[in-house]
Amino acid sequence: MIQGTVKFIAAAVIACALQVPAFAQTNCVELKTTGEVEKEVVNDKGEKSKVLVAAADSKVVPGTEVIWTVTASNVCKQPSDKVVITNPVPEHMTLVPGSVVGVGADVTYSVDGRTFAPAGKLMVSENGATRAARAEEYRHVRWEFKNPMPPGSSAFGRFRATLN
Amino acid sequence: MISVLKQMRRVALAAVALGSIGLSGTAFAQNTASGTSINNTATVNYSVNSIAQTPISASATFVVDTVVNVNVTGGTSVNVTPGQTAAVTVFTVTNTSNITSNFTLTPSNQTGDNFDVANIAVRVDANANGTYEPATDTGTAITGLVRNGSVTVFILGDIPGSATNTQTAIDRLTANAINPLTSLAWVNDTSADVAGTVQIVVQNNSAFAQDTYTVATATLGVTKSSSVISDPVNNTTNPKAIPGAVMQYAIAIANTGSQAATLQSISDPIPANTAFLAGQFTGTTDVSIQVGAAPATFCVAEAGGTDTNADGCVRTGGGALSVGAPAITSVAAGSTVTVRFQVTIQ
């Protein structure tokens, strides 16, 4: 009986901590994810250039690099703050080292989706020894935007990943 | 309530203290299968007026297209002997496509070597034991090889009897990827990709590797020499080959090839006008046999053609000395076997 009461209180505390947005009617931020592939095209003059084509409309085979872009847009009249985008590297894909872009954001990485740390600071244990995680071992990318997003503005994070 | 909060804080501290994360395995599965749906889901957390809002997620998906690739490995050399039939060289064919494929196999002789093998043929290692077994390994093409799967393939060839030691023949195995649905070569899909459909990208639908047959055979040379051991006049001091003298014959069989030769027997007629001398070695034996640099061994060459003690040495009825197994069985590559016996001049 006593145990049951304690559990109930604990559950209530967690509920309080996680489910705060009681006043939000609509979502203030819209999120969009796109996967694109670089494609080389040649114009009339024979000049080569690269264009981005949607991954779904491209031939993507093992070894192909896909550029993933996540864009958050503020569609409210109030600014949004503490904007954090978290993106697990898709299954069957490997993050391309040094490919993460995030203007105005602190970028952190994670192997397990729980512990995030900046590049080079994320530690993993292997065979009982602790070492820095290699870039290709990062399974999650997180962008923490330093400034609030004014109404009508947008922010994006981008990374490249190779299909295994 | 307070105690619960304390507990929660302790749990939180423990999670931070762990710091590092155990890796389940750093090797990534490669060559993602054709048709796999790749989904990317991002989540945004944010606040409005310092009030955390419901996290929003967004996804994008594409389907992995088909890529056709094949790899063949060889590069080994196998020793063969002249006249050998169905000599085997070994290759490995790997389906490096991301889809199951069939493969045709073509064996061929190459130039830039000393000879071609005859009746060149290809066989698939049906039971995957890496050894060619004529009754089991009868297939000449690969069907249904899964992505990342490997199969051992043999090329068989007859070595001409005219081939000599150290000569080589280069053989090549070519594997071509075949679409199991059409039984034809995979066709590159040049049209624009259609979302959600799997299309074919042919990267490398043909590959080859080469092996080498190297002739390794025994090359035997026989020399016979004689020396005078003693004569009735001078005894052992500068003996001359006069009637009554003791002569020693040495038959040397040298193998200058690169492989051991199996010896059936060495036969030498006792020279005319001489008589075989028994008991000349260690007092009781008749023939000395020296293999390479090893100490000599001895045997008894019985008269009358019957090797009663079965030591491999006998004098035939026709007056010839015969030395065979077990006294001598083979001559190793680069080694010499010398048989010595003594006679007296009549």
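By convention in this document, chain letters (A, B, ...) are assigned in the order of the sequence lines, proteins followed by strands, and residues within each chain are numbered from 1.
With a 4.5 angstrom heavy-atom cutoff, B:T36 touches chain A only via side-chain atoms. With a 4.5 Å cut-off on non-hydrogen atoms, A:Q78 touches chain B through its side chain but not through its backbone. In this structure, the portion of B:V201 lying under 4.5 Å from any heavy atom of chain A is its side chain and not its backbone.
Pairs passing the side-chain hydrogen bond (donor to acceptor under 3.5 Å, both in side chains) check and including a residue from residues 51-63 of chain A, sequence neighbours excluded, do not occur.
Note that CG of A:L163 is 9.5 Å distant from CG of B:D65, once rounded to the nearest 0.5 Å. We find the CD1-CG distance between B:I56 and A:L31 to be 8.0 Å, quoted to the nearest 0.5 Å.
Contact count against chain B (heavy-atom pairs under 4.5 Å) is highest for A:V83 among A:V53, A:V83, A:V66. Among the candidates A:P88, A:A72, A:G35, A:A161, the residue making the largest number of heavy-atom pairs closer than 4.5 Å to chain B is A:P88. Top candidate by heavy-atom pairs under 4.5 Å with chain A, chosen from B:T61, B:V64, B:T66, is B:V64. Most heavy-atom pairs under 4.5 Å with chain A, from the set B:P55, B:S57, B:S59: that is B:S59. Looking only at heavy-atom pairs under 4.5 Å with chain A, the residue among B:N69, B:D189, B:T197 that has the most is B:D189. Interface check for chain A: of the options B:V67, B:I38, B:N45, the most heavy-atom pairs under 4.5 Å are formed by B:N45.
Here the side chain of B:Y46 pairs a donor or acceptor atom with the backbone of A:V29 at under 3.5 angstrom. Under the 3.5 Å distance criterion, the side-chain polar atoms of B:S47 are left unmatched by any main-chain donor or acceptor of A:K82.
Take A:E144 and apply the salt bridge (Lys or Arg N to Asp or Glu O under 4.0 Å) test, not counting sequence neighbours, and it matches no residue.
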Using the side-chain contact (heavy atoms from CB on, under 4.5 Å) rule, take A:F159 and B:N40 through it: C-alpha gap first, then chi angles, then the decisive distance, then the call.
CA-CA 12 Å; A:F159 67 94; B:N40 184 20; 4.2 Å; yes
Could you give me the CA-CA distance, side-chain angles and deciding distance for B:T43 and A:I85, then say whether side-chain contact (heavy atoms from CB on, under 4.5 Å) is met?
CA-CA 6 Å; B:T43 304; A:I85 297 175; over 6 Å; no
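The neighbour count for A:E30 CD, taken as heavy atoms of other residues, nucleotides or ligands under 6.0 Å away, does not exceed 12. More than 12 heavy atoms of other residues, nucleotides or ligands shown are found within 6.0 angstrom of CD on B:E133.
Across every non-hydrogen atom of A:T33 and B:A60, the tightest pair is O-CB, 3.5 Å.
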